[in-house]
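So the structure is just underneath, and the comments pick up after that.
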There are 2 protein chains.
Amino acid sequence: MSGANMRSRGRPRLFDEDAVLDELTALFWRKGYSQTSMADLVDASGVHKSSLYSTFGTKEELFAKILQRYLAARMGMFSKLVEQAGPGIDGIHAFLEMLRGDLVSGTGQWGCLLVNSSSELSGTAPGFEDFGVAFRKELRERLRALIRQAEPEGTASTRVTDQRTDLFMTFMLGLNLTVRGGADENEIGRVIDAMQATVDTWR
Amino acid sequence: MSGANMRSRGRPRLFDEDAVLDELTALFWRKGYSQTSMADLVDASGVHKSSLYSTFGTKEELFAKILQRYLAARMGMFSKLVEQAGPGIDGIHAFLEMLRGDLVSGTGQWGCLLVNSSSELSGTAPGFEDFGVAFRKELRERLRALIRQAEPEGTASTRVTDQRTDLFMTFMLGLNLTVRGGADENEIGRVIDAMQATVDTWR
DNA sequence: CATATTAACTACCGCTCGGTAGTAAAATGT
DNA sequence: ACATTTTACTACCGAGCGGTAGTTAATATG
């Protein structure tokens with residue numbers, strides 16, 4: 001029986017692995033992969049370099065783990081947002097408003113780690129491109145569900161749903177870029193308003 | 001009189017400055033700023049390192065010059081595209097089709113150098129953020145002209161024009177990201193079709 | 001207490017990075 | 001011819017990079 005409370009054999013960790021991964025994620029998120037050095041990660045986490053290597057492997061391996069962890073968390077967040085948004089066109093409106101709230105504060109202004117990384121490393125990718133593809137695919141599924149449930153039964157064709165999903169998705173990517181590019185709250189607000197107006201024509 | 005044909009005093013350059021800048025631009029465009037080393041630039045251009053430094057200054061200064069040059073070229077291109085697109089909703093459709101042609105071939109799949117750089121360096125920017133802001137502002141002006149001339153006189157309010165412009169602009173940013181993220185021709189086509197359908201509702 | 005195991009911590013390695021000094025070569029000016 | 005100016009080219013520098021070996025400390029097991 002290897003229960004949850006079974007302590008391992010040697011010296012116990014002095015740091016919480018999850019908490020450290022959160023800090024490292026934040027650093028990569030804000031500065032990008034290339035501009036974040038191992039020394040930066042050591043400083044930010046307080047964990048010695050060798051411990052980072054023995055725990056998470058090389059910088060590439062660490063980053064892969066972080067991306068995968070981030071992907072799961074991000075998708076969980078979007079699923080919850082879609083759920084909270086509720087059905088109907090009003091649901092999409094609510095979804096966009098929740099997005100607005102996220103983008104103007106905290107980590108929101110750094111864009112999406114997966115999108116950023118996919119863009120940063122696509123020209124020289126060791127193998128991170130798959131994460132970006134997976135992200136777009138999963139996000140698209142959730143957005144499609146949000147949009148699908150906003151259409152009165154029988155009225156919408158699959159084609160229309162798909163087109164709206166593609167537009168909405170591309171809009172979200174562009175919004176991420178706008179935010180990361182340093183847009184202020186007004187500009188973000190304007191852009192979201194523009195999408196709200198478009199969504200209104202879907203009634 | 002310092003005419004165009006007045007040769008300078010010392011040893012003449014063995015390389016064409018503009019041609020070299022084009023090559024360096026392509027490299028930064030594809031690989032990004034951080035992932036492009038001076039050695040890479042030397043290899044790609046065939047110009048010795050010292051000559052690059054004496055001609056263009058440090059890596060940061062060189063990159064600033066490249067961004068500025070790229071900005072001018074890019075804006076010229078967009079101005080021409082808008083002009084070629086012509087008036088009316090059909091003009092916007094034509095514009096999108098020209099975009100489609102550009103994105104599936106050559107440098108198009110690397111996205112936009114300014115957008116990429118703005119995203120890559122925003123978390124650690126030495127001072128490149130201004131280029132991204134200038135780019136978004138200038139691009140927005142041109143897109144607004146395209147959209148403005150597609151509206152029948154007297155029918156459209158300033159507010160509607162601005163909203164459509166913001167949506168279109170954000171769409172283009174997202175499209176860039178989609179392309180750079182490694183989307184294939186089908187996915188790009190779908191996304192553009194989605195925007196075409198939205199533009200159709202503007203009639 | 002002895003041993004095995006795991007982690008913390010220090011010190012270091014080879015390499016690549018951006019950047020520069022110093023010299024040889026090719027042009028113009030007098 | 002000679003000096004001046006500008007560039008081409010070689011060789012090199014210190015710093016920071018990602019990554020690792022080796023030692024000390026803390027826990028579990030026998």
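Convention: sequence-line order gives letters A, B, ...; per-chain numbering from 1. In what follows, every heavy atom counts, from backbone to side chain, and hydrogens, waters and symmetry copies are set aside.
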Any A:Lys59 side-chain heavy atom under 4.5 Å of A:Leu52 side chain: no

Which nucleotide in C:dT20, C:dC9, D:dG18 has an atom nearest any side-chain atom of A:His48: C:dC9

B:Asp40 side chain to B:Ser37 backbone, donor-acceptor under 3.5 Å: yes

Protein-nucleotide distance (B:Lys59, atom NZ; C:dG18, atom P), rounded to Å: 4 Å

Side-chain donor/acceptor of B:Ser37 to base of C:dT16, under 3.5 Å: no

Proximity to the side chain of B:Arg9 - top-ranked nucleotide from D:dG18, D:dT5, D:dT10: D:dT5

Listed nucleotide nearest any side-chain atom of B:Arg11, set C:dT20, C:dA25, D:dG18: C:dA25

Close side-chain approach of A:Arg136 to A:Leu173, heavy-atom, < 4.5 Å: yes

Check: B:Tyr33 side chain, B:Leu121 main-chain N or O, donor-acceptor pair, under 3.5 Å: no

Separation of atom CG in B:Asp43 from atom P in C:dC17, rounded to whole Å: 10 Å

Distance-only donor-acceptor test (3.5 Å): side chain A:Ser50, base C:dA7: no

Heavy-atom donor-acceptor pair, A:Ser54 side-chain to C:dA8 base, under 3.5 Å: no

Nearest-angstrom distance from the residue atom CZ of B:Phe56 to P of C:dG18: 16 Å

Sugar-phosphate, base or nothing in reach of A:Thr55, heavy atoms under 4.0 Å: nothing

Distance in angstrom units between A:Leu52 CG and C:dC9 P, rounded: 12 Å

Touch class at under 4.0 angstrom, heavy-atom based, for B:Ser34 against every strand present: nothing

salt_bridge(B:Glu138, B:Arg142) N-O dist < 4.0 Å: yes

Whole-Å gap separating C1' (C:dC9) and CZ (A:Arg13): 15 Å

Side-chain-base donor-acceptor pair under 3.5 Å for A:Ser8 and C:dT6: no

Length of the CG-P vector between A:Leu41 and D:dC17, whole Å: 10 Å

Contact nearer the 5' end of DNA chain C, comparing A:Pro12 with A:Lys49: A:Pro12

Whole-Å distance separating the OH atom of B:Tyr53 from the C1' atom of D:dT10: 16 Å

Any N/O donor-acceptor pair, B:Ser51 side-chain to D:dT7 base, under 3.5 Å: no

A:Leu14 CG to C:dA7 C1', straight-line distance once rounded to whole Å: 7 Å

